[in-house]
**Q** 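Supplied in structure tokens, the structure appears directly below.
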Amino acid sequence: MTRTVERVRRSHGRAVKVAAAVTAAGVVLMGLGGCKVSTGQREPASTKVKEVLDSGQGRFDLTRPPSREEAGLPAGRTDVTYEREDHTPFRVRVALPEGKELTVDARLVTFDAMAEADPKTAQPSTMDIHHYPATLAAGRDHLLAAAKEYGLDTKPILEWYEEAADPRPVQAPSTVRTPWLATKVGYLRLEVQGRYKPPVDMAGSDQTVVHYLFTWDPAPNA
């Protein structure tokens, strides 16, 4: 049996839900990136999911609103998740409007239609990508490169890095986040956030995540 864990937030006035399907035998931990970690076996949600994870390469076209088939979203499902059992990254290339392309090594990619009236039949309207840089400095550099590419404000990124690099006060939240940095790429709404969680039990256990969230109004006949 499968149950769904949902995270809901607002994006430009729209409710955006990012869900993870989890087997009943699994154990769910909501980590720094909102990414699920579960035990137990999961079957691929679609042929496309299996092809992407087996090959380690995923290509997606967001130059126009994608269909359910193009997103790998099966009939009757509200969402689909691309994630390897061992959580190793896979290369993701996303073609964007205005001749742009996003290429990252991702551990988690989801598509969903949960902002739509009938999410089990509607076309997808959200793509969520989690990239895990090796270090905090690498995360800063990745965010600065994204800011240059998409015209985002760099000041919150530099402030985030300085705060995250300093020792955390005892009463402060353990995870340091940038605000959601928002822009438009053609018809797409793009939001980017950096997150950092310091080491807990041993050196090297810290974690940096760059989270890309694309939302759009789906094409009615895609």
Side-chain angles (χ1 to χ4, degrees), residues 5-11 16-22 27-38 52-53 56 58 60 79-94 102-112 126-150 152-168 172-183 188-215:
V5 178
E6 295 182 354
R7 172 170 53 80
V8 184
R9 67 181 196 80
R10 292 282 168 181
S11 174
V16 175
K17 299 180 182 180
V18 178
V22 183
V27 177
V28 180
L29 300 175
M30 298 309 289
L32 169 60
C35 169
K36 70 180 183 301
V37 178
S38 62
V52 168
L53 298 183
F60 302 95
D79 63 280
V80 65
T81 298
Y82 294 76
E83 183 185 27
R84 287 174 158 171
E85 286 287 342
D86 60 1
H87 312 295
T88 54
F90 50 98
R91 179 57 58 95
V92 174
R93 290 184 172 89
V94 186
L102 173 65
T103 302
V104 293
D105 290 328
R107 290 194 199 175
L108 178 73
V109 174
T110 64
F111 283 91
D112 75 69
T126 299
M127 183 183 190
D128 198 13
I129 302 171
H130 291 187
H131 167 62
Y132 286 69
T135 64
L136 174 61
R140 173 202 59 197
D141 293 345
H142 184 98
L143 284 167
L144 289 174
K148 182 178 180 180
E149 176 69 11
Y150 302 111
L152 302 171
D153 186 5
T154 61
K155 183 178 178 181
I157 298 170
L158 297 173
E159 291 175 344
W160 166 77
Y161 175 75
E162 291 178 3
E163 180 181 358
D166 287 339
R168 302 295 294 149
S174 60
T175 300
V176 186
R177 296 174 170 84
T178 70
W180 285 95
L181 308 174
T183 188
L188 295 168
R189 293 176 288 271
L190 168 60
E191 294 173 271
V192 184
Q193 185 181 62
R195 305 178 192 179
Y196 176 74
K197 189 171 184 178
V200 178
D201 299 321
M202 55 184 170
S205 64
D206 57 323
Q207 192 176 83
T208 306
V209 180
V210 176
H211 184 178
Y212 291 89
L213 182 65
F214 294 98
T215 57

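Keep in mind that what you see is a predicted model, and the values were worked out from it rather than measured.
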**Q** List the residues meeting side chain to side chain donor-acceptor pair (under 3.5 Å) with Y212, not counting sequence neighbours, and say none if there are none.
**A** H142
**Q** Measuring only between side-chain heavy atoms, which start at C-beta, is L108 closer than 4.5 Å to D128?
**A**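 A side-chain contact under 4.5 Å is absent here.
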**Q** Take F90 and T88 through the side-chain contact (heavy atoms from CB on, under 4.5 Å) test and state the conclusion after the steps.
**A** CA-CA 7 Å; F90 50 98; T88 54; over 6 Å; no
**Q** For D105 versus H131, what's the shortest heavy-atom pair and its separation?
**A**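 Residues D105 and H131, closest heavy atoms: O-ND1, 2.7 Å.
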**Q** With S174, which residues qualify under side chain to side chain donor-acceptor pair (under 3.5 Å), at least two apart?
**A**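 Checked S174 against side chain to side chain donor-acceptor pair (under 3.5 Å); zero matches.
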**Q** With respect to R140, which candidate in L144, L136, L143 satisfies the side chain to side chain contact (heavy atoms under 4.5 Å, CB included) definition?
**A** L144
**Q** Distance from I129 atom CD1 to R107 atom CZ, nearest 0.5 Å?
**A**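 I129 CD1 to R107 CZ: 15.0 Å, rounded to 0.5 Å.
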**Q** Only one of T208, V209, V210 clears side chain to side chain contact (heavy atoms under 4.5 Å, CB included) with Y132; which?
**A**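 Exactly one candidate clears the test, V209.
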**Q** Could you check whether any side-chain heavy atom of Y82 comes within less than 4.5 Å of a side-chain heavy atom of V80, counting everything from C-beta outward?
**A** yes
**Q** Heavy atoms, side chains only, cut-off 4.5 Å: are Y161 and Y196 in contact?
**A**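 Result no, sub-4.5 Å side-chain heavy-atom pair not found.
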**Q** Within the 4.5 Å heavy-atom criterion, are L152 and T183 side-chain neighbours or not?
**A**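 Side chain of L152 against side chain of T183, heavy atoms only: contact under 4.5 Å found.
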**Q** Which atom pair, heavy atoms only, marks the closest approach of R84 to P89?
**A** NH1-O, 3.0 Å
**Q** Is there side-chain contact between L181 and I157, with heavy atoms separated by less than 4.5 Å?
**A** yes
**Q** When rounded to the nearest 0.5 angstrom, what distance separates NE2 in H130 from CD in E83?
**A** 10.0 Å
**Q** Just checking, is any N or O donor in the side chain of D112 or T110 under 3.5 Å from an acceptor N or O on the other one?
**A** no
**Q** E162: what forms a side chain to side chain donor-acceptor pair (under 3.5 Å) with it, not counting sequence neighbours?
**A** none
**Q** Might you point out which heavy atoms bring A138 and A134 nearest each other, and give the distance in Å?
**A** CB-N, 4.2 Å
**Q** Just wondering, do F60 and L102 contact through their side chains at under 4.5 Å, heavy atoms?
**A**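 They are not in contact (no side-chain heavy atoms under 4.5 Å apart), so the answer is no.
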**Q** From T178 OG1 over to Q193 CD, what is the distance, rounded to the nearest 0.5 angstrom?
**A**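 It comes to 5.0 Å.
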**Q** Are the side chains of W180 and L213 in touch, meaning some heavy atoms are under 4.5 Å apart?
**A**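 Yes, their side chains come closer than 4.5 Å.
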**Q** Is the closest side-chain heavy-atom distance between L190 and Y150 below 4.5 Å?
**A**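 Yes; the side chains approach each other to less than 4.5 Å.
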